[in-house]
Number of protein chains: 2
Amino acid sequence: MGRHKEFDKEAVLHKAMLVFWKKGYEAASIPDLLEAMDLSRSSLYETFGDKQSLYIEAINWYKKWKQAKRDILVNATSAKSGIRQYFEIHIDSALDGESPKGCLITNAAVGMDSPDEPLNALIRERFDELEQSFYELLRKGQETGEIMPEKDINTLSYLLSNLNHSINIVAKVQGDRSKMQQMVDMVMEML
Amino acid sequence: MGRHKEFDKEAVLHKAMLVFWKKGYEAASIPDLLEAMDLSRSSLYETFGDKQSLYIEAINWYKKWKQAKRDILVNATSAKSGIRQYFEIHIDSALDGESPKGCLITNAAVGMDSPDEPLNALIRERFDELEQSFYELLRKGQETGEIMPEKDINTLSYLLSNLNHSINIVAKVQGDRSKMQQMVDMVMEML
DNA sequence: ATTTTTCCGGAACATTCGTTCCGAAATGGG
DNA sequence: CCCATTTCGGAACGAATGTTCCGGAAAAAT
C-alpha cells in the first residue's frame, strides 16, 4: 500500500464549495480553487476528476451541510413554530458575513444555461425536497388541528418554498433584515 | 465625414442582450457575442468599449425593453386587475420558448460576486422601481376603496415584488404554469 | 532495507479568453 | 475628383483557462 492522502477530502471539498458559492461556476477558476483548497493541481484532478465533477460534488456537499436546517422541519413538533424557526435560521445565515450570500443551489439554478444539464436534476430534487418537507409539516399541522383542514396545503407549501427563494435573491442585493422578517410574518399569518 | 455604421446599434445590442440573458456574463464569450451580433471584433470594441460595458448597456436595454410591462402597473385603473395582468404577462414571458428563461436582471443579481460592483446599483434600482410601482398602485387602490385602508401596503408591495422574484427562479428550473398561477391567486387574495 | 504503491509539486500542454492594432474598403465634404 | 474620416475584417497579442504528465518524495508492506 502506498502513502495516505495528506489532506482531508471533505475539508478541501468544503473549501471548494465556498469558492463556487461565492463566485459561481464559471468565475471560479482552477487557481482560485487550488489556493483555497491548498492543493496541487494533480491532487485535485486525481481526487475529483475535473472542474464540473468537483462542482457537482461541492453542491452535494452543500446539500448535506445544509441538511441540518431542513431537519428542523422534519423534527418540529409544531408546524408553525417549526416553519418560523426554519426561516429565522435561513435569514440569519443569509445575512451573516461569514458565508457567501444567498444559496449555492439557487445560484446554480439561476446560472444554469440549458435546463438539460445534469445539474438540473440535482436542483429540482433539492427544491422538491424542501417543498415536500413543508408539505409534510403542514399536513401534520392539519391533523393536530393547528392548521385549519380546509387550507390548501399544496399551495401553502409552494408559497413557503417560494418565500425561501425570495430570501435567497433579496439577500444577495439588499440584505434588509426587517423587510425579510416582515415577509415571513406576513406569510405565517396565512397558515 | 467617414462612412456610416453598417449595423443598427440597437439591433445588435438586442442580440447581445439575448446572449447574456441566456448564458450569463462569464459564460457569454466574445465569439459567442460576435456570432449572434454578426459583427467584427473591431466594430464591437469600438462601439461598446469592452465586454463589461457591453453588459451594462445590455442590461439597460433590457430594462427599457421590459418597461412596457411595468407601464401596465403605472397605467392600470384598477389595482387588483393591473397587478393580475402584470403577472399574467410575467408568467407568459417567463415560460415562452422564444426568449431565455427567467429575468436577465435577476440572473445578474444572483451571478454577482461582490455587492460592490457598479452592477449592484443598477439592479437595486430596478428592484426598487418595481416595488415602487406596486406600492403606488396599491396606494391608489386604497384611495378608491378597492383595498381596505388598514392593509400595510408597504409589506404588500414587498410581497408582490418577491412573488416576482420567485417566478423568475422557478421558471428557470421547473416552468410549471399551474403552480405559478396558484401562487399568484393566493397572493392576490391577500389584497 | 528494499520494494511497491501512492501522492504531490511543478512544468508543460493546447485552447480559449478578452483585447489591440493595422491596412483596406467605404463614405461624405471640399 | 480627391482627401479626410470612419468602419470593418482579420491577424496578432499576452494572459488565463482547464487539463495532462512526469519525476521525485513519502509511506506502507514485505
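Worth knowing before you read on, the calculation uses all heavy atoms, side chains too, and leaves out hydrogens, waters and symmetry mates. By convention in this document, chain letters (A, B, ...) are assigned in the order of the sequence lines, proteins followed by strands, and residues within each chain are numbered from 1.
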Could you list the protein-to-nucleotides 21-23 of chain C atom pairs, N/O on both sides, closer than 3.5 Å?
none

Whole-Å distance between [N] [atom2] and [X] [atom1]?
X: Phe48(B); N: dC8(D); atom1: CZ; atom2: C1'; answer: 14 Å
X: Tyr55(A); N: dT19(D); atom1: OH; atom2: C1'; answer: 20 Å
X: Leu39(B); N: dT19(C); atom1: CG; atom2: P; answer: 15 Å
X: Leu44(B); N: dC17(C); atom1: CG; atom2: C1'; answer: 14 Å
X: Lys51(B); N: dC17(C); atom1: NZ; atom2: C1'; answer: 8 Å
X: Ile30(B); N: dA16(D); atom1: CD1; atom2: P; answer: 16 Å
X: Tyr45(A); N: dG9(C); atom1: OH; atom2: C1'; answer: 15 Å
X: Gln52(A); N: dG18(D); atom1: CD; atom2: C1'; answer: 12 Å

(Q) So for atom CG, which belongs to Asp38(A), do other residues, nucleotides or ligands contribute more than 12 heavy atoms lying within a distance under 6.0 Å? (A)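 It does not: Asp38(A) CG has 12 such atoms or fewer within range.
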Q: Please check if atom CD in Glu88(A) has more than 12 non-hydrogen atoms from other residues, nucleotides or ligands closer than 6.0 Å.
A: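 It does: Glu88(A) CD has more than 12 such atoms within range.
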Q) Tyr86(A) and Phe134(A): aromatic ring centres closer than 6.0 Å? A)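 Between Tyr86(A) and Phe134(A), the centre distance is under 6.0 Å.
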Q) Between the main-chain N or O of Val110(B) and the side-chain N or O of Lys172(A), is there a donor-acceptor pair closer than 3.5 Å? A)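 Confirmed, Lys172(A) side chain pairs with Val110(B) backbone.
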Q. Listed by chain and number, what are the side chain to side chain contact (heavy atoms under 4.5 Å, CB included) partners of Met190(B), not counting sequence neighbours?
A.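 Met190(B) satisfies side chain to side chain contact (heavy atoms under 4.5 Å, CB included) with Met186(A), Met190(A), Leu159(B) once adjacent residues are dropped.
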Q: Answer with yes or no whether the side chains of Ser53(A) and Asp50(A) bring together a donor and an acceptor at under 3.5 Å.
A: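 There is such a pair between these side chains.
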Please confirm whether the shortest side-chain N or O distance from [X] to OP1 or OP2 of [N] is below 4.0 Å.
X: Ser43(B); N: dC8(D); result: yes
X: Ser40(A); N: dC8(C); result: no
X: Ser29(A); N: dA16(D); result: no

Q. Touch check for Ala27(A), heavy atoms < 4.0 angstrom, all strands: base, sugar-phosphate only, or nothing?
A.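 No contact at all - Ala27(A) keeps every heavy atom at 4.0 Å or more from the nucleic acid.
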Q | Sugar-phosphate, base or nothing in reach of Glu46(B), heavy atoms under 4.0 Å | A |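 Here Glu46(B) touches the bases of the nucleic acid.
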Sequence neighbours excluded and cut-off under 3.5 Å, please list the side-chain donor-acceptor pairs for residues 24-33 of chain B, or say none.
unit_1: Ser29(B); atom_1: OG; unit_2: Asp32(B); atom_2: N; d: 3.2
unit_1: Ser29(B); atom_1: OG; unit_2: Asp32(B); atom_2: OD2; d: 3.1
unit_1: Asp32(B); atom_1: OD2; unit_2: Lys23(B); atom_2: NZ; d: 3.2
unit_1: Asp32(B); atom_1: OD2; unit_2: Ser29(B); atom_2: N; d: 3.3

(Q) So that I can compare with my own list, what are the stems of DNA chain D, taken as at least three consecutive Watson-Crick or G-U pairs with distances under 3.5 Å? (A)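 Runs of three or more consecutive pairs: C:1-28 with D:3-30.
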Q: Could you list all the salt bridge (charged side-chain N to carboxylate O under 4.0 Å, His left out) pairs where at least one residue sits in residues 141-163 of chain A, not counting sequence neighbours?
A: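 Sorted pair list: Arg139(A)-Glu143(A).
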Q: Can you sort out the partners of Tyr158(B) under ring-ring contact (aromatic ring centres under 6.0 Å, His included), two or more places apart, ordered by chain and number?
A: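 Tyr158(B) satisfies ring-ring contact (aromatic ring centres under 6.0 Å, His included) with no residue once adjacent residues are dropped.
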